[in-house]
Amino acid sequence: MQKIEVSLEKIRDEIKEFYDYKKWHFLTLNGVALADERLEVQWIFSKYEAMDEIVIYYVVIDYTDTIPSVVDMIPSAIISQRELVDMFGVTVEGSSKGLYLDEDSEISPLKGCSV
Amino acid sequence: MKKTINIPLGSQHISLLEPVRFKFECENEKIIGVDSDVGFVHRGVEKACTTSFKFDSIGYVVARVCGLCAITHSLTYTAAIEKLLGAEITSKAKYLRILLLELDRIHSHMLCLAHTCENAGFEAMFMRIMGDRELIMEIQELITGNRIQFDYINIGGVNRDLDVNSVQKVKENLYEVKQKVQGYMDEFTNNWSLSLKFKGIGALSLDEAYMYNAIGPLARASGLRIDVRNEIDYLPYNEVGYKMQTHTDGDINARNIVRLNEIVNSIEMCENILNGVPEGEIVTKVKGKPEGETVVRFEAPRGELMYYVKANGTAMLERVRIKTPTFSCIPAFSHIFLGEEYADAPAVLASFDPCMSCTAK
């Protein structure tokens, strides 16, 4: 498993350069609440027909930051982006609340959940 | 005058057994827009895993995410913990784990094929396949003690060994199912209601499968060679006769054929395992508390299941992320509906084999 830290400003450019849709399978977008009230956001990829080759691009952000969308490059990311919005209460460009929760819900179940 | 109408399908619908709602925008009979709502049964399992349960209990919690693929959930989580602890599993436990995974795939695929028949109006075939599926449920109960939601996987191995009598029964039932599946193959290839009617319907091209990151039988029916069994070395799939099943048409019929071929291959693998289970212990003692982070994947009946686990050396984990097959396929599902006739929507949906219990974990 390879982890690559990127700044929020550069994440789109990095993924654009890396992502060849016929070589890499987009696994999911993941959030990990950190102890210092910050959030680690991960874009996880696996290589087709390779033995457990996992690459994670990640950024560490404040909950008030806006996460750029990658849906124009990876259409299937929309569902993970919407999940991130619901579960962590963050803003992701072009991704609305209401996948799992009600659209007007004020709860973000996994925000600050970590020890 | 408005040119389109919105037609809902679900969340409760006679042709749909899962709590999901699709909102189709239709122009005459053609679907031109799709919106989906998957949050009807959300249970907060991920949060419970980091706030209410210690790491050695979570395998039994996540087995409750889904009745059908409970074994894959508990195994994927357990493998992640074993990876963090550096645990070595015996060959015997690995073979028994594959046996249960493949039995699970057989009955899950049979359920999907039965629903496809039901949605095609072929009620008798639905009843036939569901009746035959009992042969697999019986042997799962014999091996694990449960028909569904098995607590069979343990950190370090499995909970129960096979005995001579149960091996014989498993072999007999598998042989019987293999004969039945040959009959299904004929129906799904030659019967108009189940083959020609579904050719060209609900098609996903290979390029679209790549673009929408399709997985499982949905992807393989479009010719995309993705199968986690081919991409991991935690289990010795190369030793038990695994062969990837693909098709090129990408339609409902292709998905049915892929599932049928996978059932046949799974039966072959189970038979090979039963004829060559290594001697030894079924579980090894694993000590310590997990530390670090890892990503582990297994091939559930519906496709790739992924667990991300982050641990800090205590009994409580920091994060458990569950990414389920149906969740991954929703963008591809939504794309496939576009341009289809509304009347075909239930059959297309059944061919996806969606699992909302997993999705809204």
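Because the structure is a prediction, the values reported are computed rather than measured. Proteins get letters first, then strands, A, B, ... in listed order; numbering begins at 1 in each.
Atoms CG and CD, on A/Asn30 and B/Glu293 in that order, are 9.0 Å from each other to the nearest 0.5 Å. In this structure, CG in A/Leu110 is found 9.0 Å from OG1 in B/Thr51, a value given to the nearest 0.5 Å. Once rounded to the nearest 0.5 Å, the distance linking OG of B/Ser334 with CD1 of A/Ile79 reads 7.0 Å. For the atom pair B/Lys323 NZ and A/Ile44 CD1, the distance stands at 9.5 Å (nearest 0.5 Å). In this structure, CG on A/Leu34 lies 5.5 Å from NZ on B/Lys310, to the nearest 0.5 angstrom.
Contact of the B/Phe327 side chain with the A/Ser80 side chain is registered, since non-hydrogen atoms from C-beta on lie closer than 4.5 Å. Within the 4.5 Å cutoff, side-chain heavy atoms of B/Ile215 are placed close to those of A/His25. Contact check for B/Glu304 versus A/Ser46: side-chain heavy atoms found under the 4.5 Å cut-off.
A donor-acceptor contact shorter than 3.5 Å is absent between the side chain of B/Glu231 and the backbone of A/Asp52. Between the side chain of B/Lys47 and the backbone N or O of A/Pro109 there is at least one donor-acceptor pair closer than 3.5 Å. The backbone N or O of B/Thr359 sits less than 3.5 Å from a side-chain atom of A/Tyr100, completing a donor-acceptor pair. Judged by distance alone, the side chain of B/Arg319 and the main-chain N or O of A/Gly31 form a donor-acceptor pair under 3.5 Å.
With a 4.5 angstrom heavy-atom cutoff, A/Phe45 does not touch chain B via any of its atoms. Only the side chain of B/Ile330 comes within less than 4.5 Å of a heavy atom in chain A; its backbone stays farther off. Only the side chain of A/Ile54 comes within contact range of chain B, with heavy atoms under 4.5 Å apart. With a 4.5 angstrom heavy-atom cutoff, B/Asp207 touches chain A via backbone and side-chain atoms both. Looking at B/Met211, the atoms closer than 4.5 Å to chain A (heavy atoms on both sides) sit in the backbone and in the side chain alike. Heavy-atom distances place no part of A/Met73 under 4.5 Å from chain B, backbone and side chain included. Only the side chain of A/Met1 has a heavy atom closer than 4.5 Å to any heavy atom of chain B. For a residue to count as touching a neighbouring chain, one of its non-hydrogen atoms must lie under 4.5 Å from one of that chain's; by this rule A/Ile56 touches chain B with the side chain only.
Heavy-atom neighbours of B/Lys289 NZ from other residues, nucleotides or ligands within 6.0 Å: at or below the threshold of 12. For A/Glu5, the CD atom sits in a packed shell: over 12 heavy atoms of surrounding residues, nucleotides or ligands are nearer than 6.0 Å. Counting heavy-atom neighbours within 6.0 Å of A/Lys3 NZ, excluding the residue itself, gives a total above 12.
What you find for A/Gly98 and B/Asp37 is that their closest heavy atoms are O-OD1, 4.3 Å. The two residues B/Asp233 and A/Met51 make their nearest non-hydrogen contact at N-SD, 3.8 Å.
Interface check for chain A: of the options B/Tyr308, B/Tyr234, B/Phe40, the most heavy-atom pairs under 4.5 Å are formed by B/Tyr308.
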Subject >> side chain to side chain contact (heavy atoms under 4.5 Å, CB included) between A/Leu27 and B/Arg297, intermediate numbers included >> reply: CA-CA 10 Å; A/Leu27 274 166; B/Arg297 303 178 298 148; 3.7 Å; yes
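Relative ring orientation between B/Tyr210 and A/Tyr48 is described as perpendicular, the plane-to-plane angle rising above 60° on a 0-90° scale split at 30° and 60°.
Between A/Glu83 and B/Arg321 there is a salt bridge, since at least one side-chain N of the basic residue sits less than 4.0 Å from a carboxylate O of the acidic one.
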